[in-house]
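Below is one structure, written out as structure tokens; comments come after it.
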Amino acid sequence: MDVHMLEGRRGEDARRRRLVLAIGLCTAALLPGCKRGSDDGMGLSVGLDGGESETAGDDGDEIPADLDPAPATLRLLLQRQYVGAVEELLGPEAAAAADPPENHAINGFDAVGAAQLALGDAEIDAYERSARAVAEAAAAAGTLDTWLACDPVGAGNEACIRQVVGSFGRRAWRRPLTDEEIERYTAVGTAAAADLGGFEAGLRAAIAALLQSPYFLYQVEVGEPDPDDPSRRRLTQYELASRISFFLLDTVPDAELLDDAEAGLLYDSDGIREAAWRLLERPRARESLGEFFGEAWRLRNLVGLPKDLATFPQWTPELAEAMRGETLALIEDLAWEQEADFREVFMADYTFVNARLGFHYGLPGAAELSDTHTKVSLAGHDKRGGLFGHGGFLSLLGHVSSTSPTLRGKFVLENILCRTVPPPPPGVVTDLPTNDGSVTMRERLEAHMSDPSCRGCHEMMDPIGFGLENYDGIGRFRTEDNGQPIDSSAVLDGEAFDGAASLGTIVASSPDSAHCLVRNLYRHATGHIEGPGEEDALLVIEDAFAESGYRMQDLMVEIVASPAFRVVAEPE
């Protein structure tokens, strides 16, 4: 990365200015190795050892011999994980100043993209600007001083900067720094203090430098050789602590978890489970799970969702936000308040609405509701129940001015049941007929399915979506489409249904729904799509999920305790 000069200064020694911000940051994927150097000796080298190694002993769980894990990677922090880390380290004011680049999903998951995409010059510059802004905001808020355990007047700038580099760096990089690293970043701080005339300026420079390092920006998940199988690598204790914390909390490990790693307490499933259950008690765990579902079920797309206001004048960002809050409230209730069978998310005969959403659904007593989402019964109301009756689901999977049985059915198959829907054959016209005399959406799609080139895919998707045709493009209940009665009879896996609640009952009872949830959460947790060599380990997680009564917190704990979560293969 090119070195940026410190603004507002003239006549300074060029080499010293480079020293302040010469932080090597590779633009490649960083594996199998990434080395950048400079004449001033400030380059970083990132290799398979990741700058750390600790011996955990030989009393850990045995890793199954047939487990063939994914290759080792370095995984860029997700945008929310970067901000969460800054908040954990430096407080909310610093987090508000953080501005990392956006995520880019691959195979439907931001975490998979984070493990595969390389940084370009624009992203590197963005991380540098963000690090400087974070350090400035933390200094203004006084949170930098919380890392200061010495008196810079008595001990001197260099000694105090060295102390902060060691303590802050351990939390930010999720491992102890080597002596060489401490000296390197201390030199950055002391040089800046001399150039800019004060200890605080030096401290800001050192903090900003640490936040630009690959050891902060990436989850280092390269491991060390498995003594039982040289073809595999066990994540080190610190790497595992980082993977657990970013999965469960979207932030850096707390001091206690790093102490567990240092003591070797994360080397077996019992120690990992104990640590995971402790982390799940933190409020961040609820937010992190909500972020996962916001991604996996597209809830984060709701507020910016375009709708034709001539057709749907009721559609507003406030209504969209109320819909997003409805689904997240149900998820939180099942996972944390009730600790119930999570499959109830598909068939719950209650939901959580505020006054705006209650009026939108036409619920009795909506006038008595407030702006806060409140639990209400749906028994006997408009066939509504569970996720598939939520306005957010129905709005997201509709067209701008109409419903889409195809999109709704496709989402159920692919995102909820993890079944593959093939793409349309090349050259096939996917537009629905408009001049054939058909009136309802169902009639138009049935005419479309008469084309043999379209029938194969649409026969998979549309019969599911037909059962949700009583709900318009923004989730309101209706009995007519273009003035004609709606036929909402439908079928999934040979079972007839009519409406959201009955569809949810079928989905909840299908083994594919739990199977799919486990895999989606595992993909998010590990940053890759599972391979055949991980299948047996995932089946063990599924069995444990079932034995727990399908409780979500138990699933998260079993994922992190799984051998598949703790080992990687040699990098490709």
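For this chain, numbers begin at 1 and follow the sequence in order. Keep in mind that what you see is a predicted model, and the values were worked out from it rather than measured.
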side-chain contact (heavy atoms from CB on, under 4.5 Å) filter on Ile106, not counting sequence neighbours, yields Val112, Gln116, Leu117

Hits for side-chain contact (heavy atoms from CB on, under 4.5 Å) against Ala206, two or more places apart or cross-chain, chain-then-number order -> Ile161, Val165

Which residues pass the ring pair (Phe, Tyr, Trp, His ring centres under 6.0 Å) test with [X], not counting sequence neighbours?
X: Phe168; value: Trp147
X: Phe565; value: none
X: His528; value: Tyr522
X: Phe199; value: none

Item to check | Pair His524 + Phe292: ring centers closer than 6.0 Å | outcome: yes

task = Answer yes or no: is there an ion pair linking Arg170 with Glu262, defined by an N-O contact shorter than 4.0 Å?
result = yes

Ion pair present between Glu224 and Arg234, side-chain N to carboxylate O less than 4.0 angstrom? no

Residues passing the salt bridge (Lys or Arg N to Asp or Glu O under 4.0 Å) test with Glu183, sequence neighbours excluded, are Arg162

The salt bridge (Lys or Arg N to Asp or Glu O under 4.0 Å) partners of Glu318 (sequence neighbours excluded) come to none

[X] side chain to [Y] side chain, donor-acceptor N/O pair below 3.5 angstrom:
X: Asn103; Y: Gln79; value: no
X: Ser562; Y: Arg566; value: no
X: Thr178; Y: Glu181; value: yes

Residues 95-115 vs salt bridge (charged side-chain N to carboxylate O under 4.0 Å, His left out), sequence neighbours excluded, gives Asp110-Arg300

Salt bridge (charged side-chain N to carboxylate O under 4.0 Å, His left out) pairs touching residues 198-207, sequence neighbours excluded, are Glu136-Arg204, Glu200-Arg204

- prompt: Do we get Arg175 above Tyr215's six-membered ring, with its NZ or CZ under 6.0 Å from the centre and within 45° of the axis?
  reply: yes

Exercise. Evaluate side-chain hydrogen bond (donor to acceptor under 3.5 Å, both in side chains) for Glu158 paired with Thr190, printing each intermediate quantity in order.
Key: CA-CA 6 Å; Glu158 183 174 351; Thr190 53; 5.5 Å; no

Residue pairs meeting side-chain hydrogen bond (donor to acceptor under 3.5 Å, both in side chains), one or both in residues 288-298, sequence neighbours left out, come to Asp250-Ser288

The complete set of ring-ring contact (aromatic ring centres under 6.0 Å, His included) pairs with one or both residues in residues 76-104, sequence neighbours excluded, reads Tyr82-Tyr127, Tyr82-Phe216

